[in-house]
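In the text below, chain A, chain B and the rest are named by the order of the sequence lines, each starting its count at 1.
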Amino acid sequence: MVRFGKRFSKPGTAPGTLRAPEVRRVEETSIGIMEYGPERLDEWRVGSVEEALARRSGLAVTWIDVVGLHDVEVLQQLGETFGLHQLALEDVLNTGQRPKVEAYEDHLFIVMRLLHPNDDGLESEQISIFLGKGFVLTFQEIPEDVFESVRERIRHGRGRIRRMGSDYLAYALIDSLVDHFFPVLEDLGARLEELEEEVIEDPDRKTVGKIHTARKDLLVLRRAAWPEREVVSALERQDTPLIGKETRVFLRDAYDHSVQILDMVETYRDLATSLLDLYLSTVSNRMNEVMKVLTVLASIFIPLTFLAGIYGMNFDREASPWNMPELGWYWGYPLFWAACLVLAGALLLLFKRKDWL
Amino acid sequence: MVRFGKRFSKPGTAPGTLRAPEVRRVEETSIGIMEYGPERLDEWRVGSVEEALARRSGLAVTWIDVVGLHDVEVLQQLGETFGLHQLALEDVLNTGQRPKVEAYEDHLFIVMRLLHPNDDGLESEQISIFLGKGFVLTFQEIPEDVFESVRERIRHGRGRIRRMGSDYLAYALIDSLVDHFFPVLEDLGARLEELEEEVIEDPDRKTVGKIHTARKDLLVLRRAAWPEREVVSALERQDTPLIGKETRVFLRDAYDHSVQILDMVETYRDLATSLLDLYLSTVSNRMNEVMKVLTVLASIFIPLTFLAGIYGMNFDREASPWNMPELGWYWGYPLFWAACLVLAGALLLLFKRKDWL
Amino acid sequence: MVRFGKRFSKPGTAPGTLRAPEVRRVEETSIGIMEYGPERLDEWRVGSVEEALARRSGLAVTWIDVVGLHDVEVLQQLGETFGLHQLALEDVLNTGQRPKVEAYEDHLFIVMRLLHPNDDGLESEQISIFLGKGFVLTFQEIPEDVFESVRERIRHGRGRIRRMGSDYLAYALIDSLVDHFFPVLEDLGARLEELEEEVIEDPDRKTVGKIHTARKDLLVLRRAAWPEREVVSALERQDTPLIGKETRVFLRDAYDHSVQILDMVETYRDLATSLLDLYLSTVSNRMNEVMKVLTVLASIFIPLTFLAGIYGMNFDREASPWNMPELGWYWGYPLFWAACLVLAGALLLLFKRKDWL
Amino acid sequence: MVRFGKRFSKPGTAPGTLRAPEVRRVEETSIGIMEYGPERLDEWRVGSVEEALARRSGLAVTWIDVVGLHDVEVLQQLGETFGLHQLALEDVLNTGQRPKVEAYEDHLFIVMRLLHPNDDGLESEQISIFLGKGFVLTFQEIPEDVFESVRERIRHGRGRIRRMGSDYLAYALIDSLVDHFFPVLEDLGARLEELEEEVIEDPDRKTVGKIHTARKDLLVLRRAAWPEREVVSALERQDTPLIGKETRVFLRDAYDHSVQILDMVETYRDLATSLLDLYLSTVSNRMNEVMKVLTVLASIFIPLTFLAGIYGMNFDREASPWNMPELGWYWGYPLFWAACLVLAGALLLLFKRKDWL
Amino acid sequence: MVRFGKRFSKPGTAPGTLRAPEVRRVEETSIGIMEYGPERLDEWRVGSVEEALARRSGLAVTWIDVVGLHDVEVLQQLGETFGLHQLALEDVLNTGQRPKVEAYEDHLFIVMRLLHPNDDGLESEQISIFLGKGFVLTFQEIPEDVFESVRERIRHGRGRIRRMGSDYLAYALIDSLVDHFFPVLEDLGARLEELEEEVIEDPDRKTVGKIHTARKDLLVLRRAAWPEREVVSALERQDTPLIGKETRVFLRDAYDHSVQILDMVETYRDLATSLLDLYLSTVSNRMNEVMKVLTVLASIFIPLTFLAGIYGMNFDREASPWNMPELGWYWGYPLFWAACLVLAGALLLLFKRKDWL
């Protein structure tokens, strides 16, 4: 189904109430920390916030990556340490958020969504990111790690990532999230291509279901892609000292990507609609063909059968010379066949002319 | 039907004329009052405005909740006491209003709608809210109480609600109204999921009616959700001293929720459309299948019946050796069967090739 | 048809040329005048402009209501007396105008439309209103009077209408025009409800025509409702001393109504579309059902008829023991019936399984 | 086809290159000049620019109307005389321009389109207008003259046209071009009305083609009407001393007309779509009716034919008393007929109940 | 398929990483240089950047045109020489970019797309343009040269191109890219015209596939045309000293063209949709016709066959005078034929009345 997740607070709940998601999508909460500056990098992975914070040594950027949201305590502790707003913390746990960016006094709260293709279509994971001065916090629901490539870049000191601040780290994470749409779109594009071939060459009853599934996946994609474009655009234009000028140039690049993704989603949507039209016409055409075969066959044999029925009648030939004298003719039977062939031939010619054959 | 309510003033009626709604949806008007500050809470429920107002003791926030609109007097008295604008009072009684917010000199008038699912689809109730300095007035048509959770929070002093002013109370009420869409949407989502399954696995004649009903419910939802988003957004941005800065942060949160609701409504609409397409294709496919069976059966048996008809003819075999000599052959009948089987086999092969079997 | 009226000036006509409408929709031009202040009210109805103007006694507000447009002279005289712009006068006569508001130096020119349901659908009448300092002029095509309720309010001094100026009178007239949509919409809503029932329970060939008519009426409504919303909104925001601050609050109320009307029109349009889909599916389903009955019946009897045809053949049983020995069996005929029943039963079972019965 | 004209410069051509249109739509270029002031009017029509310019006597307004575009020289000379921009001159010759207005330093360049209904649908002509201080140049492709009424007004000194400047002349020309849409729209409206009747009463195979043609014509209209509205609106708001304040009031009137035209185009588009839906349902309904007749007839006679087939079988009655004893019954044949009638009656009753008759 | 190209960076790749496109679309990278001023023109074509730069002699404008993107080194060297931003260079290689314009400190980066029709539909090539002070760099994927006409204009010193700066050169290139859409659109228009004829006169099963292909091509066109319009508009309004005032006038002209292209694309889209509707109705009508033939034939012969079946029955005429006495009548057989003819005639008349013949 197209819902992001079934989680929403009970209506009337006090805002800012932290409640763990109902479905526990990971066994153990795991906290990974990277602390780095241009010269040095520390990296460790622990299970509790205390351990995580204890080893900090004050390098330029701290990135704390939490996987698993069922432990409200972890969130609460991090919230207190870094001064995160209670409403933002609540949204981390309500995993059905739309992608958005919210500016609080000394940090930005960014929600992005990651799409995992599985058997039922696209599953959606919420990634929450806090960007503050010198720190970035990320919260993932499941450990399938989209951030590994960024970690690699930090480890190897590739590119400018080690030289720049937390804003660039946040950009890099967002960029990897945005770019993650591309392979998903490629998959969908390939599926649509296959479907197109299937529709043209050999559509069966399941084809329309597949088109429906593709359209549903495009709805999911679109619901995620539209607000993500807004998020990246808002970050680029955000009036905040947290994001430096140099990073904004890169955010423009990420914005380009997100526009491109949207563009592809919309094109694919149009394409899927066109595909459905094509499918329906094809089915209609097939029906037509079936009907024609039936009509041609029936039209030819129904009169012939009537003729045969005639000469199967038992009118008493002895009662009158007018009663079926044909039955006694010398050439009666051959003439009957001749009549049949002529009739059939004439009908075939007629249908040929009507272009039904 | 998709009308909010049939109530509108007779064209040409003087604006500000108070007339009770035609349909009395509750037996007795009931007035519930909560008066509270950080330290103290008074709560009582009475039947007349005089009683309601007499017990006020001047705490920070007064919340008067009126259930039942048929007693115009109640409205009139409250309007005079709190200086409410006549046009706003009229709108309280004309229960077909779109959600809106109107700024009067010293109070805000807010109309929201609450959706109750019942057997015929979604029924819509108008909730009118007045927010003034130190007071909040709410008017409900029926007692089914969406505000109970807020009352509970006030009673238990949970969260910040007791410490803050009437603006926060109004926010809390609006938030609970907005959030009330979520379970309705969840229901609809579940219904659509069931319908999808039904369409794929076993669509019958009632399925399309169910899809139609779902689309109608989505229309009702949409008509309520679009303006409610605007209401929350307008409140957040409203240039009024009645709403404090702190409360605006919370309104932004409510705004997020209302956007999410709209987003889901739009996605469900797309989904329902796709579902209808799927249904129509499925029906089309079934028709095709039915046609194919008929065509295959008829195509095979019509020629055979003709053949049988031939040898049922009574041409006088004695009149000529050309008249149906087959009837006198030693292997005539077996040969006839052989011909039938060959013909049927050939046709079956042909249909197999055409992929009709 | 969806045209407002066929009237437009011949291309190239000099602007401001006054020409009476081709169709004379009323016998005699009739001019009704109300002159009033808080204390006093004069009211008279005459046939010529001279009489009309002669009796004016200089009270605060003069309302001249002209019914019937074929007398260009009347218009010309009023135009000169009140200094109305020539282009506006031309538009009064070209009765196919869209609702609009135009600001001239010392008066506003407002065009509204009134919808009268008749047998062919909705007929549209143009109402032109001039608002100047101390006067309001209204021009109606036909006497069916939508303004009577306003006149009553003036006569009885109800509400604030007698105390306020010409701007409030103009508001009251516009408000009654806007509110006049409500009963029309109610009618349409009821028709759609009936149609929905008809589609679900007993659609026939005329149903789709009725849906088409409803859609056409909605087009007419929409064409009138969209610009009227703009008119009311423009009046509320118009930068003119002709409309006082107090009246603007009331215009906001009228604006709310016009938005509500549009909202209902759009919802009804969606509903009519959904209704058409429902109708088409229902027709499709019926076709399916018809096809199934034919297919089941034909599929059962065609093979049986073939079988009967077989044993009607005249193969010469004496020519060979292989020729139709079944005909001579002791249980031949009963066996034939048994075979028929078994075959029919098997086919019925098959169709049952395919869910066709 | 819906193309305005096939003309476009070869890609890569230097901008401002003047090349005559490929298709020569008029034999001889003809140049008509009107020079007038409040008191005097000179009018002459010649074949070359030199003659045209030689007779000018310096009155307030000069209007040069060129019919036929194949003589590039004419354009070039006029361009030099009046200081027209090379890019604008190029656009005069590239007759596939969208309606637009372009401000050059001391003149405005306006492109409008004129629609001529012909057998294949709507043909589109480009009218180019230059408005400068004291002069107006117009370029038409074909001589079918839409400006004659304006010329008449100048000749007879009707209205204010002789008293006002070149801006008013340009307005008058544009107004006559805008108003020229009305008769075209009236035609289309009448066609749609006829089509509606045809669809309801007697649709045949050509009906859908006619609806398609109407939709194509509406596309052409829309492509011309949208940008023309923008042109008139831009002229009204243009920040240029070339257009006086008085003329702007008249442009607002022309703008109203163009909005009305667009409004009608959009409504007709909706109507045409609804008409197509109606047509498709009607066709669907007819198919249904055909199917029902076939089904009822076949359903009744197929079982009867089977019955007749039974008693045509040749089971050897002498071989066994069980072999078709019915054939020897005294009431056999009448009983057979009775059975047939009962069966047929029962089936007819069944179909009656199913509402198929 | 509708993808611009399958290239996108692996998610998480450091931004600015240069990687050659996977598909090498040209054998050898070739670099063409034109250096020119009003008086002089140097032109040479080489294979390496060193050679290219070595021969520069400092004329006013340098245009370096690189064909083939697989040699990252070339890009890197040019980037360093002209100070191009790393993100822009990356986008040159990621050939799936949307058309866009990006302003860097001292140069503009412009991406355009060129459409090449081939057998599978429209193929899309990315053209990247850098505009700096005194230089223009262009990067093409394949050598099919759209810029040759511009080169010719430079060589022959035609127009103003040699007199003006690099901004005009960039305009000329962009203009030739924009105008390149026209022949593609002409082709599509012609295809749609042919399809329309085909649909009306002789639609077959492949027609709908062709319509689908045309719609896909329109999607590709639209995806390229929308952002290109924005690019040209952005260039015209860009606040940069790189583009002179005189050039902006020309850019406005290019903008007009791009709007016209979009306009045609949108109109063609509407047309293609209308064409599909037309096709579906035509198919529906044909089906109807087929059904009618079958129904008429079957309706006539089924009762006749039943009648013939009757008189083929073997009721024992000797057992009773009621058993098929007709068989012994003198006029029995002729009467049978008469009955057949009357029945058939009556049915034909009925069908004639129903307008089925």
Is there side-chain contact between B:Pro321 and A:Tyr330, with at least one heavy-atom pair below 4.5 Å? yes
What part of B:Glu197 gets closer than 4.5 Å to chain A, counting heavy atoms only: side chain, backbone, both or neither? neither
Straight-line distance of B:Leu307 CG to A:Leu304 CG, nearest 0.5 Å: 11.5 Å
Contacting region of B:Leu173 [heavy-atom separation from chain A under 4.5 Å]: neither
With chain B as the partner, which of A:Glu102, A:Gln86, A:His85 has the greatest number of non-hydrogen pairs under 4.5 Å? A:Glu102
Hey, can you tell me if A:Tyr311 and B:Phe315 have their rings parallel, tilted or perpendicular (30° and 60° cut-offs)? tilted
Engaged part of B:Ile200 at the chain A interface, taking heavy atoms whose separation is under 4.5 Å: neither
In terms of heavy-atom pairs under 4.5 Å, which option from A:Ala298, A:Ala308, A:Pro334 contacts chain B the most? A:Ala308
Go through the atoms of B:Tyr168 and report whether side chain, backbone, both or neither lie under 4.5 Å from a heavy atom of chain A. side chain
Side chain from CB out, backbone as N, CA, C, O: work out which of these in A:Met313 comes under 4.5 Å of a heavy atom of chain B, or both, or neither. backbone
Within a strict 4.5 Å, meaning less than it, do heavy atoms of the B:Ser320 and A:Tyr333 side chains meet? no
At a heavy-atom separation under 4.5 Å, does A:Asn314 approach chain B through its side chain, its backbone, both, or neither? both
Is it the side chain or the backbone of B:Val249 that comes within 4.5 Å of chain A heavy atoms, both, or neither? both
Part of A:Trp329 lying under 4.5 Å from any heavy atom of chain B: backbone
Summary of salt bridge (Lys or Arg N to Asp or Glu O under 4.0 Å) pairs that have at least one residue in residues 277-288 of chain B, sequence neighbours excluded: A:Arg215-B:Asp277
Between A:Leu297, A:Thr305, A:Leu87, who has the most heavy-atom pairs with chain B when the cutoff is under 4.5 Å? A:Leu87
To the nearest 0.5 Å, what is the distance between CG (A:Asn94) and CD (B:Gln260)? 8.5 Å
So, the part of B:Glu289 with a heavy atom under 4.5 Å from chain A: the answer is side chain
If you measure from the Lys or Arg side-chain nitrogens to the Asp or Glu carboxylate oxygens, is any gap between A:Arg222 and B:Asp263 under 4.0 Å? no
With a 4.5 angstrom heavy-atom cut-off, is it the side chain or the backbone of A:Leu280 that approaches chain B, or both, or neither? side chain
Working to the nearest 0.5 angstrom, can you tell me the gap between A:Met287 CE and B:Ser284 OG? 5.0 Å
Assess B:Arg252 against A:Tyr104: is NZ or CZ under 6.0 Å from the centre of the six-membered ring, and within 45 degrees of the ring's axis? yes
Applying a strict 4.5 Å limit to non-hydrogen atoms, the region of B:Tyr171 in contact with chain A is side chain
Can you see which heavy atom on A:Gly328 is nearest to which on B:Ala319, and at what distance? O-CB, 3.1 Å
Nearest 0.5 angstrom please: A:Lys216 NZ to B:Thr267 OG1, how far? 12.5 Å
Please name the pair of heavy atoms, one in B:Ser281 and one in A:Val208, separated by the smallest distance, quoted to 0.1 Å. OG-CG2, 3.3 Å
For residues B:Lys354 and A:Val293, determine if any side-chain heavy atom of one lies less than 4.5 Å from a side-chain heavy atom of the other. yes
Kindly indicate whether the side chain of B:Asn285, heavy atoms from C-beta on, has any atom under 4.5 Å from the side chain of A:Lys206. no
Mind checking the CG-CE spacing from A:Leu327 to B:Met324? Nearest 0.5 Å is all I need. 9.5 Å
Correct closest heavy-atom pair for A:Val290 and B:Met291 would be CG1-O, 4.0 Å
Quick test of your reading of the model: are A:Arg98 and B:Asp256 salt-bridged, counting only N-O distances below 4.0 Å? no
Chain B contact via A:Tyr279 - side chain, backbone, both or neither, heavy atoms under 4.5 Å: side chain
